[in-house]
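Residue numbers start from 1 in every chain, and the chains themselves are labelled A, B, ... in the order their sequence lines are given, proteins ahead of strands.
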Amino acid sequence: MDKVTVRQLVADAEEFAEKEVTVNGWVRNNRDQKSFGFIALNDGTHFNTIQIVYERELLPNYDQIAAMRVGSAIQATGKLVLTPEARQLFEIKATEVQLEGDSPSDYPIQPKRHSREFLREMAHLRPRTNLFNAVFRVRSLLAYAVHQFFQERGFVYLHSPIITANDAEGAGELFRVTTLDPKDPPLKDSGKVDYSSDFFGKKTNLTVSGQLEAEIFALAFKDVYTFGPTFRAENSNTPRHAAEFWMIEPEIAFADLKDNMDLAEEMVKYLINYLLDKAVTEMDFFNQFVDKGLKEKLKQIANAEFARITYAEAIEALKKIKQKFEYPVEWGKDLQTEHERCLTETIYQKPVFVTGYPRDIKAFYMRVNDDQNTVAAMDLLVPGVGEIIGGSQREERAHVLEQNMAHFKINKNDLWWYMELRKYGGVKHAGFGLGFERILMYLTGVSNIRDVIPFPRTVNSCEF
RNA sequence: UCCUCAGUAGCUCAACGGCAGAGCGACCGGCUGUUAACCGGUAGGUUGCAGGUUCGAAUCCUGCCUGGGGAGCCA
């Protein structure tokens, strides 16, 4: 009587038919009658529960089994019986059921629907529920798919640093990393904190992006990607923002903005197909209980050409449409959330790349277009979630980059190494940042980022 | 940070100035195939916190706390 997992049993039910098996797991539901009862058991290896049937005649501890409560850990042994006419494929006729870990009657997870808000307060128990079981298995699969996509294409995986002294990038508010005593920091004569006596001898923070380091590696390995945690200390409280999230940042050399969009589009489609193929049970669940029509929508997107428009065309299209906006549409201003939603949800009804944004509203490292007014930036907007990718072709011309840095008031001495990439064998290159949780939300239909991160860190919240 | 809505039993909610309730869950019992089982019964409350108005406040007012949604910032 070897122990088997539910995953093995589901995969080879016929093989195990009429044989004795032993399973370990947690009780999801237990219903007893006068002389027999049913336990719905989940062992974590498969989304579904399996049914354990126990009978008074066969089991001396029948009353104890009948009293096993939801949440208890048990071990059950019995014969696997195929039940083609019933709702489940098979069940186990128990010959022995032992309690491994009791669960008192105040176990908060009940065999009923719970609100996401309630479960969020119990991040230690919510993985045992259907929704979060599905979400976090898919999260694991999706991370694997990301690596597989890039590795299949010969990209080199770069571990960009998590602690960095770059504060020149302006991608968001920074979390300071320090070993100085906050109550009594060393001070310079000017009264300012003397970071030269801090751990690294300078002011350091958690990374807001691995992009600049990825550019270094792209100009050595040609195609690279980073995939790691990213930190932003923004005081933003929305269903789409977290202080700690994971970001995927490919960077490709000898490549322009079109190559960049091609890569992004191919990647999004690859990830969709991967999940539809490898997470059938979970995707069916999302389709049925989280976002009706999700699978059909994703299939369409995997087969559709993403729209590709310029910022100027977007402005034109938004001006033409009858819909009223709270914020006026005007060249030179960034697209508001309502504008982005209109583009992707109303006008195109599919993912949309918007390129060629005005120079002033984008970052210093983006390549200036020939018109001198716009840059080779691209955002990918998707229905429901909004922006999931932001990227650009990078400015490879040293003198233009210097002008940009001056314009954005960035000290080029701090980024001397970034400048040298342009000096020694500099070449056109491009890349983008994909929010891992954002695409996970998009692919599962789960609408709050706190529900796709195991232990979310947001403003005023760092539990578990 | 701003706007907005909401906090009542373990959970989801009702009561909206006059006795604090239901469903689910828990507990006890019944039931020979259940599968978010079903049937009967029992217990369970500082109505988020602090103050105010009133004969009387879950209900009206003020402040605070917590959570949801929207905006900004972005991935």
Side-chain angles (χ1 to χ4, degrees), chain A residues 28-41 48-57 66-67 69-71 81 83 85-89 91 93 103-122 125 129-130 169-173 208-211 229-249 264 289 325-327 334-341 361-363 379-382 385-391 432-442 447-453 458-461:
Chain A
R28 283 285 184 87
N29 200 351
N30 185 5
R31 305 174 291 277
D32 75 291
Q33 301 188 30
K34 194 175 192 176
S35 56
F36 59 87
F38 305 93
I39 287 173
L41 188 77
N48 292 336
T49 58
I50 57 169
Q51 178 157 280
I52 313 286
V53 187
Y54 54 98
E55 296 180 47
R56 194 179 284 280
E57 297 197 318
R69 281 174 294 248
V70 174
V81 182
T83 54
E85 72 289 344
R87 191 178 299 182
Q88 71 283 353
L89 285 171
E91 62 190 20
K93 294 251 188 232
S103 179
S105 62
D106 60 358
Y107 182 60
I109 311 289
Q110 303 158 11
K112 60 170 272 190
R113 207 183 155 286
H114 290 291
S115 68
R116 312 261 171 92
E117 293 79 19
F118 172 66
L119 292 170
R120 222 170 271 155
E121 292 169 5
M122 351 200 122
L125 298 175
T129 64
N130 284 336
E169 210 206 322
E173 294 295 314
V208 293
S209 166
Q211 180 200 316
T230 309
F231 306 89
R232 306 258 169 105
E234 300 287 348
N235 184 13
S236 55
N237 205 336
T238 81
R240 304 184 303 282
H241 290 86
E244 176 182 314
F245 63 98
W246 283 57
M247 190 153 63
I248 300 149
E249 295 178 289
F289 293 106
F325 296 114
E326 192 180 339
Y327 296 89
D334 208 355
L335 298 175
Q336 302 290 313
T337 296
E338 57 176 347
H339 305 144
E340 295 183 343
R341 290 182 67 114
I361 61 174
K362 288 292 186 180
D379 285 355
L380 178 62
L381 313 176
V382 297
V385 178
E387 184 182 338
I388 59 171
I389 286 177
F432 61 83
L434 168 71
F436 183 61
E437 286 82 8
R438 292 259 176 102
I439 196 164
L440 185 56
M441 291 165 71
Y442 184 51
S447 57
N448 194 312
I449 200 168
R450 300 173 186 98
D451 297 329
V452 298
I453 298 177
T458 54
V459 184
N460 256 316
S461 174

G21(B) -> Watson-Crick or G-U wobble partner, both distances under 3.5 Å, gives C13(B)
C49(B) -> Watson-Crick or G-U wobble partner, both distances under 3.5 Å, gives G63(B)
Answer for the Watson-Crick or wobble partner of C27(B), both distances under 3.5 Å, is G41(B)
Rounded to whole Å, the CD-C1' distance (Glu121(A) to C65(B)) equals 14 Å
To the nearest angstrom, the CD-P distance between Glu244(A) and C74(B) comes to 21 Å
Asn235(A) atom CG is separated from C74(B) atom C1', nearest whole Å, by 14 Å
Considering only heavy side-chain atoms of Ser236(A), the closest of G69(B), U12(B), G72(B) is G72(B)
Sugar-phosphate, base or nothing in reach of Tyr327(A), heavy atoms under 4.0 Å: sugar-phosphate
Problem - Whether over 12 other heavy atoms sit under 6.0 Å from Leu89(A) CG - result: no
Spacing of the P atoms in C24(B) and G48(B) (rounded, Å)
25 Å
Of the listed U12(B), U34(B), C27(B), the closest approach to the Ser105(A) side chain comes from C27(B)
Rounded to whole Å, CZ of Arg69(A) lies from C1' of G25(B) at a distance of 13 Å
Looking at G67(B), I'd like to know if its phosphate oxygens (OP1 or OP2) sit under 4.0 Å from a side-chain N or O belonging to Asn460(A).
no
Give me the distance, rounded to whole Å, that separates C2(B) from A58(B) when you measure between the C1' atoms they each carry. 30 Å
Just checking Ile248(A): base, sugar-phosphate only, or nothing, at a heavy-atom cut-off of under 4.0 Å? nothing
With sugar-phosphate meaning primed atoms plus P, OP1 and OP2, does Gln336(A) contact a base, only sugar-phosphate, or nothing at under 4.0 Å between heavy atoms?
sugar-phosphate
request  = Assign Arg450(A) to base, sugar-phosphate, or nothing according to its heavy-atom contacts below 4.0 angstrom with the strands shown.
outcome  = sugar-phosphate
| task | Identify whether any heavy atom of Asn237(A) sits under 4.0 Å from a base atom; if not, whether one sits that close to sugar-phosphate; answer base, sugar-phosphate or nothing. | result | base
Are any side-chain N or O atoms of Glu249(A) and backbone N or O atoms of Gly210(A), one a donor and one an acceptor, separated by less than 3.5 Å? yes
Margin query: Please verify the inter-ring angle class for Phe36(A) with Phe38(A); under 30° counts as parallel, over 60° as perpendicular, anything in between as tilted.
Written below: perpendicular
Of the candidates G68(B), U34(B), C11(B), the side chain of Gln88(A) sits closest to U34(B)
Lys/Arg N to Asp/Glu carboxylate O, Asp32(A) vs Arg56(A), below 4.0 Å: no
Can you tell me, in whole Å, how much space there is between the C1' of C49(B) and that of G25(B)?
28 Å
Asp379(A) CG to C73(B) P, in whole Å, measures 12 Å
Glu55(A) side-chain N/O to Ser35(A) backbone N/O, donor-acceptor pair under 3.5 Å: no
Can you tell me, in whole Å, how much space there is between the P of A20(B) and that of C39(B)?
30 Å
Which of A36(B), C74(B), G33(B) is nearest the side chain of Arg87(A)? It is A36(B)
Distance, P atom - from G63(B) to C11(B), rounded to whole angstrom: 28 Å
Of His114(A) and Ala86(A), the one whose nearest nucleotide on RNA chain B sits closer to the 5' end is His114(A)
- Expressed in whole Å, how much space separates the C1' atoms belonging to C65(B) and C38(B)? 43 Å
Of the candidates C31(B), A75(B), U34(B), the side chain of Ile449(A) sits closest to A75(B)
Point to revise | Backbone N/O of Pro111(A) and side chain of Arg28(A): donor-acceptor pair under 3.5 Å | key: no
Taken to the nearest whole Å, CG/Asp106(A) to C1'/A43(B) is 15 Å
In whole angstroms, the gap separating C1' of A36(B) from CD1 of Ile39(A) amounts to 17 Å
Using a heavy-atom cut-off of 4.0 Å across all strands, would you classify Glu117(A) as base, sugar-phosphate, or nothing?
sugar-phosphate
What's Glu91(A) touching, base or sugar-phosphate or nothing? Going by heavy atoms closer than 4.0 Å. base
- Message: Taking A71(B) as the reference, what is the distance to A57(B) when you measure between their C1' atoms (whole Å, please)?
- Response: 35 Å
Practice item. Measure from the side-chain N and O atoms of Arg120(A) to the backbone N and O of Asp451(A), and report whether any donor-acceptor pair falls under 3.5 Å. Key: no
With a 4.0 Å cut-off on heavy atoms, is Pro108(A) in touch with a base, just the backbone sugar-phosphate, or nothing at all? nothing
By the Watson-Crick or G-U definition, both distances under 3.5 Å, U1(B) is matched with A71(B)
Regarding the side chain of Arg113(A), the nearest nucleotide among A36(B), A75(B), A71(B) is A36(B)
Closest to the side chain of Phe245(A), out of A75(B), G68(B), C73(B), is A75(B)
Winner on side-chain proximity to Asp334(A), out of G33(B), C31(B), C74(B), is C74(B)
Report task. Would you kindly check whether a donor in the side chain of Lys34(A) faces an acceptor in the base of G33(B), or vice versa, at under 3.5 angstrom? Result -> no
Exercise for review: Could you check whether Arg120(A) gets within reach of a base, just the sugar-phosphate, or nothing at all, counting any heavy atom under 4.0 Å?
Suggested key: sugar-phosphate
Problem set entry | Any donor-acceptor N/O pair, Ser103(A) side chain to Arg69(A) backbone, under 3.5 Å | no
Contacts of Ser447(A) and Gly433(A) projected onto RNA chain B by closest heavy atom; the upstream (5') one is Ser447(A)
With the side chain defined as heavy atoms from C-beta on, Arg240(A) is closest, among A71(B), G33(B), A75(B), to A71(B)
Glu234(A) has its side chain closest, among U34(B), C73(B), A71(B), to C73(B)
Rounded to whole Å, the CD-P distance (Gln211(A) to C74(B)) equals 14 Å
Worksheet item: Per the atom types in the model, does the base of C74(B) pair as donor or acceptor with the side chain of His241(A) at under 3.5 Å?
Response: yes
Give a yes-or-no answer on whether the side chains of Tyr327(A) and Asp334(A) include a donor-acceptor pair shorter than 3.5 Å.
no
NA contact type, Thr238(A), heavy-atom cut-off 4.0 Å: base, sugar-phosphate, or nothing? base
P atom, C16(B) versus G7(B): distance in rounded Å? 14 Å
